[in-house]
Amino acid sequence: KQWYQRRVRVMKENKVETLARQIFLDAGDQIQTHRKTELRMDGGFHLMDRVDITKDPAKEDAQLRRKLKQNKTEAKGKLQSLQSAFDAKQFRKELLEDDIFDDDISEGEKE
């Protein structure tokens, strides 16, 4: 009889533990879904409520204005460098394709 009572108690504890785990996971899933939906719906726009878009901080802050100008100059230089590298690579590719094409034509002419 004691063995049976212990067995029933263990089974009940296991069921309670399993049920508690399932409830915990379900609640976590619901909270996560709610947060994702909230983020999609809100999109962080509430952060913009306190921002005055008519004021440009760079107009009032000379250091910020210099930094922005420096960043703009650096960005232009990097973009030009990237464009030059791409142009050179494209030019080399076209030369190789032309050489291969010329070789195919000259081989055909030899025959």
Quick check for you: to the nearest 0.5 Å, what is the distance between [X] atom [atom1] and [Y] atom [atom2]?
X: Asp87; Y: Arg92; atom1: CG; atom2: CZ; value: 11.0 Å
X: Lys72; Y: Leu68; atom1: NZ; atom2: CG; value: 10.0 Å
X: Lys76; Y: Gln80; atom1: NZ; atom2: CD; value: 8.0 Å
X: Lys36; Y: Thr33; atom1: NZ; atom2: OG1; value: 6.5 Å
X: Leu25; Y: Gln32; atom1: CG; atom2: CD; value: 11.0 Å

### Message
Would you say that more than 12 heavy atoms from the other residues, nucleotides or ligands in this model lie under 6.0 Å from the CD of Glu74, or not?
### Response
yes
Does some side-chain heavy atom of [Y] sit less than 4.5 Å from a side-chain heavy atom of [X]?
X: Arg35; Y: Ile31; answer: yes
X: Glu17; Y: Arg21; answer: yes
X: Lys69; Y: Arg66; answer: no
X: Lys89; Y: Phe86; answer: no

### Query
So, Gln30 versus Asp26: side-chain donor-acceptor pair below 3.5 Å or not?
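No pair is found: no donor N or O on one side chain lies under 3.5 Å from an acceptor on the other.
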### Message
Donor-acceptor pair, distance only, cut-off 3.5 Å: does the side chain of Ser81 make one with the backbone of Gly77?
### Response
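Pair absent, no side-chain N/O of Ser81 close to backbone of Gly77.
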### Query
Do you know the tightest heavy-atom contact between Lys59 and Arg65?
O-NH1, 3.1 Å
